[in-house]
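See below for the structure under consideration.
Counting begins at 1 with the first residue of the sequence.
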Amino acid sequence: MIQHKNPAHLRASFLSLDSRQIYEPSKTAFFAVNGLHHDGHQYVESLYAKGVREFIVEESAWHGPIAEKAANWEQTNIYVVENSIATLQEIAQQHRAQFQYPVIGITGSNGKTICKEWLATLCNHAFTVVKSPKSFNSQIGVPLSLWAMQEKHNLGIFEAGISQKGEMDKIEAMLKPDYGIFTHFGEAHGSNFSSDEEKLREKLQLFKRAKKLVYRVTNLQDDPIKQIMQEINPSCELIGWNTISPDKGLFTFWQTKGKTAQIKVIKAAQSETFIDSSIDFNDEASLENSTHCLIMASILGLNRDTLSLKARVLKPVSMRLEMKEGLRGNTLIDDSYNNDLDGLRLALPLLKKNKHKKSVLILSDFLETGIPEKELYTTIAALVRHQKIDRMIGIGDQIIRNKTNFDQIDVFHSTEDLIASGLLNTINTSQILLKGARKYNFEKLVHNLENKTHRTQLEVNLDALQHNLAYFKKDIGPKTKLMVMVKAFAYGTGAIEIATLLQNSGVDYLTVAYTDEGVYLRKHGIFVPIMVMNPQIEEFDKLTDNGLEPEIYSLDLLKAIDEYGMQQGKNIKIHIKLDTGMKRLGFEASEIAELSQNLAQMPHLWVASILSHLAAADSPQHTDFTEEQIKRFNSAASKIESSLGYQTIKHIANSAAIQSYPSARLDMVRLGISLYGITGNPNVKNKIENVLTLKTSISQIKNIAPEETIGYGRRGKLAGSGRIATLAIGYADGYSRALGMGKGSFEIKGHLCPTVGSICMDMCMVDISQFPDISVEDTAIAFGGKIQLYELAKQAETIPYELMTNISERVKRVYVTQ
Ligand SMILES: *Cc1c(COP(=O)(O)O)cnc(C)c1O
């Protein structure tokens with residue numbers, strides 16, 4: 001083994017920081033990062049066994065048995081560095097510096113990924129493009145993206161995103177863009193910057209050595225981008241375009257026609273129209289993004305006619321990967337996002353997340369990848385083999401020509417042929433990944449495989465959930481354990497999906513209310529410790545057979561579980577619940593002595609933790625009471641521990657207490673509602689993200705005459721004549737009847753539309769008189785967009801918990817991630 005300090009010459013084609021995302025081990029270099037909650041070094045040995053031969057490890061974590069063992073590994077390079085991420089950035093910078101072809105950097109608050117994808121689409125016939133996969137735009141995403149640059153490319157398009165001051169300088173040093181696009185300056189990522197100007201200045205650092213910058217001028221008198229750029233890079237040619245005045249700079253003219261729009265760009269001095277294209281979009285954001293891309297493509301040398309042909313093929317970029325419930329127990333992962341090798345590489349591991357389902361991949365031909373066909377399909381076959389995909393279906397002539405590369409594959413000329421074959425009906429209890437180029441119309445497959453029961457859906461944004469989880473993990477620090485409450489179907493969001501994600505993210509404990517909820521999790525592959533809050537004596541068998549840990553809250557229950565343990569000869573882990581003021585479940589202060597005596601004589605029981613619950617952690621007016629509860633708890637717990645003779649995990653803090661009473665965090669916290677981005681704490685509100693969006697469709701739109709009334713009891717009335725929309729959601733879906741009569745609103749096309757009349761069982765009506773642009777195709781959002789669940793709950797005179805857990809089973813849960 002050779003130990004280098006500086007891995008300037010890695011052989012690997014791929015770099016990875018995530019041990020789960022390694023597909024071609026012999027071609028991958030693994031960067032072990034010692035993070036707050038996660039130490040990549042612990043995977044080094046198993047990755048070596050899988051065939052990884054290049055490792056970058058951190059000095060501070062590289063010692064002990066693993067370092068000694070690794071010293072004898074053959075043909076393996078281990079680079080011991082101070083900081084793996086900094087090293088990753090350095091080598092990305094050196095790698096990028098080898099290439100002279102133009103590199104375009106894209107930043108801004110919104111639209112980075114769309115602009116990157118669209119610009120690549122506009123240019124892909126004229127250039128061999130290398131670009132960031134998905135939204136890889138962070139301190140880690142950018143270097144990983146740059147590593148893909150090769151001699152065979154002749155244009156690089158990369159996006160850059162930041163969340164904190166100082167980050168853009170590091171990205172700029174690596175990316176060093178020749179040209180730039182500044183997409184849009186909005187509100188995203190605000191909280192870590194003191195002002196808009198500071199934020200803008202930081203973002204513009206990306207262009208401090210760029211030769212040209214394309215951006216939109218929204219105010220001809222006051223152009224902050226120009227001002228800042230003239231300071232930080234006066235020699236950069238600023239290509240500001242505007243839609244305001246034909247006499248200034250690049251004037252852009254937009255005209256919408258139905259669902260399409262025409263874009264013309266004119267140079268003021270020459271009155272020459274050098275761009276004249278139509279696109280299949282009519283919204284402002286798409287018009288803005290496509291204008292950026294058309295102008296940049298024209299700078300790169302594409303002429304007006306080519307651009308007008310290419311603009312027509314711009315399609316929506318779905319940045320999300322949707323997981324849907326399918327028929328016959330299938331789960332669909334619809335990822336028509338990146339129809340290329342990187343996209344496939346990133347998506348394949350998703351098929352392995354649920355080990356209880358078979359994995360099926362349906363793949364169309366990859367178009368316009370620039371890779372020779374033979375090489376392309378050999379690589380795909382290797383990926384599929386490595387991931388041990390159970391069944392593979394290919395669509396398209398290229399795949400048919402190359403089918404012998406695959407161990408086993410069913411092939412079809414077209415999507416329609418596959419559907420007609422009836423093969424889809426034989427797939428059950430599987431996870432199905434769909435990856436198809438647009439021209440193969442995979443939406444027909446989705447339609448065929450999807451479980452379409454109801455038109456209302458609860459969208460659960462798993463990225464936001466991960467973000468919140470990371471936020472709380474960081475906030476509580478590495479010494480405090482994390483228990484997450486997944487009772488009541490994970491607050492209505494879906495027990496298995498959420499518990500699986502939490503398990504994969506390394507939470508210490510999960511908690512359910514009832515034994516059956518715990519059994520259900522065990523049946524679906526959840527193996528982390530699970531506490532059950534309401535164990536029933538009749539269910540002790542079920543409980544212990546499934547390795548569930550009961551919360552014991554009374555002497556009767558304690559005696560019962562002890563007897564059960566003795567009879568069965570089982571050792572049982574229990575959790576002792578103390579009542580410190582909630583007056584719900586738990587031992588009273590007066591019972592602590594007797595409890596301790598009993599426990600001391602119960603060798604079959606092991607007290608894993610002692611807990612209590614706070615009654616009013618979310619009410620500042622009860623601070624004294626809450627502090628008293630914490631005091632009572634500490635004193636009782638220490639009495640129990642001293643009689644036990646060992647330490648237990650002590651916990652009392654729910655979401656509100658985690659945020660308002662850091663001293664209550666003790667050994668472990670119990671996170672619940674705030675995991676979903678819901679909090680009453682104004683200091684935390686802007687640090688966590690919304691997870692849940694309840695959406696429905698419009699069934700019908702009606703015009704209402706002044707004398708007409710709306711709905712049951714004739715209770716709904718408009719001010720005069722007007723227009724209403726009937727929505728496919730009612731109280732049976734969990735939209736509370738208390739939200740009728742204008743108490744609740746739905747967001748439709750960005751407008752807030754109040755309910756009118758009473759909420760019915762399966763439907764309700766909203767007033768859309770003010771908004772002529774609303775049509776039956778639009779989606780209505782009950783909460784999650786402009787309407788916050790927290791506020792909506794106030795309108796319904798209840799709490800978010802109740803609205804969440806009331807969302808009925810018939811509402812489809814859809815899990816979205818980037
Ligand atoms: C539900 C529950 C929690 C979590 O409460 P949140 O307010 O959702 O954080 C914590 N502890 C106990 C005992 C609970 O029942």
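For the pair Met296 and Gly180, the tightest heavy-atom approach, listed with the atom from each and the gap, is CE-O, 3.3 Å. What you find for Ile427 and Arg391 is that their closest heavy atoms are CG1-NH1, 4.3 Å. For the residue pair Ser145 and Pro133, the shortest heavy atom distance occurs at OG-CD, 3.5 Å. Taking both residues in full, the closest heavy atoms of Val816 and Glu459 are given as CG1-CG, 4.1 Å, listed atom of the first, atom of the second, then distance. Contact detail for Leu122 and Leu302: the closest heavy-atom pair is O-CD1, 3.3 Å. Here the shortest heavy-atom pairing between Ala495 and Ala490 reads CA-CB, 4.1 Å.
Not counting sequence neighbours, Tyr179 has no partner by the ring pair (Phe, Tyr, Trp, His ring centres under 6.0 Å) test. Residues satisfying the side chain to side chain donor-acceptor pair (under 3.5 Å) criterion with Lys259, sequence neighbours excluded, are Glu777.
Between Trp118 and Phe281, the two ring planes are tilted [angle within 30° to 60°]. Classified by interplanar angle (parallel below 30°, tilted 30° to 60°, perpendicular above 60°), the ring pair Phe30/Phe55 is perpendicular. Below 30°, between 30° and 60°, or above 60°: for Tyr101 and Phe99 the angle between ring planes is between 30° and 60°, a tilted geometry.
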Derivation and outcome, side-chain contact (heavy atoms from CB on, under 4.5 Å), residues Ile399 and Ile409: CA-CA 10 Å; Ile399 293 196; Ile409 187 170; 3.8 Å; yes

Check the pair Lys134 / Thr113 against side-chain contact (heavy atoms from CB on, under 4.5 Å), numbers first and verdict last. CA-CA 7 Å; Lys134 300 209 167 196; Thr113 304; over 6 Å; no

Should Leu445 and Leu418 be marked as a side-chain contact (heavy atoms from CB on, under 4.5 Å) after you check the CA-CA gap, both sets of side-chain angles, and the distance that decides it? CA-CA 9 Å; Leu445 290 181; Leu418 167 59; 3.7 Å; yes

After noting the C-alpha distance and the side-chain angles of Ser286 and Asn289, does the key distance pass the side chain to side chain donor-acceptor pair (under 3.5 Å) rule? CA-CA 5 Å; Ser286 299; Asn289 289 329; 5.7 Å; no

Could you please spell out the steps behind the side-chain contact (heavy atoms from CB on, under 4.5 Å) verdict for Leu119 and Ile104? CA-CA 10 Å; Leu119 182 60; Ile104 296 166; 3.8 Å; yes

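Using a 4.5 Å heavy-atom threshold, the side chains of Ile106 and Phe158 count as separate. Counting only heavy atoms from C-beta outward, the side chains of Ile380 and Phe366 approach each other to under 4.5 Å. Gln431 has its side chain out of reach of Lys358: every pair of non-hydrogen atoms, C-beta onward, lies at least 4.5 Å apart. Using a 4.5 Å heavy-atom threshold, the side chains of Leu383 and Ile389 count as separate. Between Val33 and Ile85, the closest side-chain pair of non-hydrogen atoms falls below 4.5 Å. A heavy-atom distance below 4.5 Å is not found between the side chains of Thr183 and Ser109. Inter-residue side-chain proximity for Glu90 and Met174 is flagged as unmet; no heavy-atom pair is nearer than 4.5 Å. Residues Leu344 and Lys435 form a side-chain contact, since some pair of their non-hydrogen atoms from C-beta on lies under 4.5 Å apart.
The NE2 atom of His413 sits 4.0 Å away from the CD1 atom of Ile400 when rounded to the nearest 0.5 Å. Taking OG from Ser430 and NZ from Lys357, the interatomic distance works out to 8.0 Å, rounded to the nearest 0.5 Å. The CD1 atom of Ile157 sits 9.0 Å away from the CG atom of Asn124 when rounded to the nearest 0.5 Å. Atom CH2 of Trp73 sits about 5.5 Å away from atom CD1 of Ile78, to the nearest 0.5 Å. Taking CD1 of Ile140 as the start and CG of Leu15 as the end, the distance is 12.0 Å to the nearest 0.5 Å. Between the CD1 atom of Ile181 and the NZ atom of Lys116 there is a distance of 12.0 Å, given to the nearest 0.5 Å.
Screening Ile295, Leu294, Asp276 against Leu307 for a side chain to side chain contact (heavy atoms under 4.5 Å, CB included) leaves a single residue, Leu294. Here the rule is side chain to side chain contact (heavy atoms under 4.5 Å, CB included) with Leu433, and of Val360, Ile362, Leu351 only Leu351 fits it.
When only modelled atom types and interatomic distance are considered, Asn441 and Thr415 share no side-chain donor-acceptor pair under 3.5 Å. In this model, no donor atom of one side chain and acceptor atom of the other lie less than 3.5 Å apart for Ser308 and Asp305.
A donor-acceptor pair under 3.5 Å links the side-chain atoms of Thr379 to the main chain of Glu375, judged by distance alone. Under the 3.5 Å distance criterion, the side-chain polar atoms of Lys50 are left unmatched by any main-chain donor or acceptor of Ser46. Judged by distance alone, with hydrogens and angles left aside, the side-chain atoms of Trp147 form no donor-acceptor pair with the main-chain N or O of Val142 at under 3.5 Å. Glu54 contributes a side-chain N or O that, together with a main-chain N or O of Ala12, makes up a donor-acceptor pair within less than 3.5 Å. Judged by distance alone, the side chain of His467 and the main-chain N or O of Glu689 form no donor-acceptor pair under 3.5 Å. The backbone N or O of Ala728 sits less than 3.5 Å from a side-chain atom of Thr456, completing a donor-acceptor pair. Between the Ser84 side chain and the Ala32 main chain, a donor and an acceptor come within less than 3.5 Å of each other.
Taking the ring centre of Tyr48 as origin, the terminal cationic atom of Arg53 falls inside the region bounded by 6.0 Å and 45° from the ring axis.
Glu159 has no carboxylate O lying under 4.0 Å from a charged side-chain N of Lys131, or vice versa, which leaves the two without a salt bridge. Salt bridge status for Glu497 with Arg813: absent, with no side-chain N to carboxylate O gap under 4.0 Å. Under a 4.0 Å N-O distance rule, the pair Asp178/Arg96 qualifies as a salt bridge. Salt bridge absent: Lys439 and Asp365 never bring a charged side-chain N and a carboxylate O closer than 4.0 Å. Salt bridge annotation for Lys812-Glu450: present, with a cationic side-chain nitrogen under 4.0 angstrom from a carboxylate oxygen.
Heavy atoms of other residues, nucleotides or ligands lying less than 6.0 angstrom from CD of Glu809 number 12 at most.
For residues 287-303, the pairs satisfying salt bridge (charged side-chain N to carboxylate O under 4.0 Å, His left out) are Arg216-Glu288, with sequence neighbours left out.
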